[in-house]
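Contents: one structure, followed by commentary.
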Amino acid sequence: MQRKASARWQGTVKEGKGSISTQSGVLKDAPYGFNARFGDGKGTNPEELLGAAHAGCFTMALSFALNNAGFTAEAIDTEAAVTLDKVNDAWTITAVHLTTRAQVPAIDAAKFAEIAGGAKANCPLSRVLNATITMDAKLGG
């Protein structure tokens with residue numbers, strides 16, 4: 001399986017503009033730029049997109065793992081906070097913190113924590129990132 005996305009950039013890094021598109025068409029020429037990445041400018045940025053992808057990947061992995069253990073989640077909500085730091089003068093994604101809340105009937109907190117930990121370790125995006133991945137996973141809305 002292979003999925004594609006593309007980016008286009010025009011101009012200098014600070015004053016230029018870019019756009020990002022995905023194969024599915026969900027993103028089509030979505031704007032991104034320096035101010036959206038390092039400030040509060042409009043548009044998206046690679047770290048935000050990575051966070052969205054990681055939150056989605058983990059949430060699906062958790063649902064899959066719960067199903068395999070005989071549980072069905074009524075709802076799973078996950079946020080991924082991506083940390084970008086300068087390491088040896090190079091911008092680096094150093095950490096991702098996943099915060100997830102799930103409503104899962106008939107599961108106890110210990111079993112949920114065990115399954116969530118496995119999902120965190122085994123979702124494909126967790127496995128590709130060279131960053132510290134932490135998690136706060138709890139039952140409840």
Side-chain angles (χ1 to χ4, degrees), residues 1-105 107-141:
M1 171 173 41
Q2 185 179 64
R3 299 289 183 252
K4 295 180 182 179
S6 61
R8 178 176 173 82
W9 189 264
Q10 294 175 280
T12 66
V13 72
K14 285 191 176 182
E15 289 82 26
K17 297 186 231 186
S19 63
I20 295 175
S21 299
T22 58
Q23 176 181 341
S24 67
V26 170
L27 292 178
K28 179 145 179 64
D29 299 324
Y32 79 108
F34 185 87
N35 287 333
R37 192 172 196 185
F38 297 104
D40 59 359
K42 292 192 187 284
T44 190
N45 60 71
E47 293 74 29
E48 178 181 69
L49 293 169
L50 185 125
H54 198 182
C57 181
F58 166 77
T59 301
M60 287 183 76
L62 179 55
S63 177
F64 181 76
L66 286 164
N67 289 158
N68 284 346
F71 301 98
T72 300
E74 291 176 353
I76 304 170
D77 295 294
T78 304
E79 176 183 272
V82 177
T83 301
L84 184 67
D85 290 315
K86 252 196 173 172
V87 176
N88 299 326
D89 288 330
W91 286 105
T92 304
I93 293 172
T94 56
V96 178
H97 182 73
L98 299 169
T99 301
T100 193
R101 298 295 179 262
Q103 296 172 356
V104 186
I107 194 170
D108 63 49
K111 185 66 172 174
F112 176 73
E114 174 191 331
I115 293 170
K120 176 183 79 91
N122 292 306
C123 104
L125 276 167
S126 291
R127 294 168 50 89
V128 76
L129 294 173
N130 184 25
T132 301
I133 301 169
T134 57
M135 179 178 64
D136 172 22
K138 292 188 177 126
L139 292 169

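Predicted, not measured: the structure shown is a model, and the values here were computed from it.
Around the CG atom of N68, the shell of radius 6.0 Å holds more than 12 heavy atoms that belong to other residues, nucleotides or ligands. Counting heavy-atom neighbours within 6.0 Å of F64 CZ, excluding the residue itself, gives a total of 12 or less.
Using a 4.5 Å heavy-atom threshold, the side chains of L27 and T44 count as separate. Side chains of K17 and P31 form no contact here, defined as non-hydrogen atoms less than 4.5 Å apart. Taking the side chain as every heavy atom from C-beta outward, L125 and V128 approach each other to under 4.5 Å.
Residues C123 and C57 approach most closely at SG-SG, 3.1 Å, considering heavy atoms. Between K111 and F71, the shortest heavy-atom distance links the atoms CG-CE1, 4.2 Å. For the pair L66 and I76, the tightest heavy-atom approach, listed with the atom from each and the gap, is CD1-CD1, 4.1 Å. Across every non-hydrogen atom of R37 and P46, the tightest pair is NE-CD, 3.9 Å. Summarising the geometry of V96 relative to A80, their closest heavy-atom pair is CG1-CB, 4.1 Å, with the distance given to 0.1 Å. Closest of all the heavy-atom pairs between A7 and Y32 is CB-OH, 3.8 Å.
With values rounded to the nearest 0.5 angstrom, N122 atom CG is found 12.0 Å from L62 atom CG. T72 contributes atom OG1, which lies 5.0 Å from atom CG of N67 (distance to the nearest 0.5 angstrom). Distance check, rounded to the nearest 0.5 Å: OG1 of T99 to NZ of K138 gives 8.5 Å. Expressed to the nearest 0.5 Å, how far CG of N45 lies from CZ of F34 amounts to 11.5 Å. For the atom pair D40 CG and N35 CG, the distance stands at 7.5 Å (nearest 0.5 Å). How far OG1 of T78 is from CZ of F58: 5.0 Å, rounded to the nearest 0.5 Å.
Side-chain N or O atoms of T92 include none that pairs as donor or acceptor with a backbone N or O of K86 at under 3.5 Å. Not a single donor-acceptor pair under 3.5 Å links the side chain of T22 to the backbone N or O of A5. Using a distance-only test at 3.5 Å, with no hydrogens or angles considered, no donor-acceptor pair links the side chain of W91 to the main chain of I93. Remark: the backbone N or O of A110 is paired with a side-chain donor or acceptor of D108 at under 3.5 angstrom.
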For the pair V104 and I115, evaluate side chain to side chain contact (heavy atoms under 4.5 Å, CB included) and give the outcome as yes or no after the intermediate values.
CA-CA 12 Å; V104 186; I115 293 170; over 6 Å; no
Can you check side chain to side chain contact (heavy atoms under 4.5 Å, CB included) on F38 and L84, steps first, answer last?
CA-CA 10 Å; F38 297 104; L84 184 67; 3.9 Å; yes
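Among K120, R127, H97, the one residue that satisfies the side chain to side chain contact (heavy atoms under 4.5 Å, CB included) test with I133 is K120.
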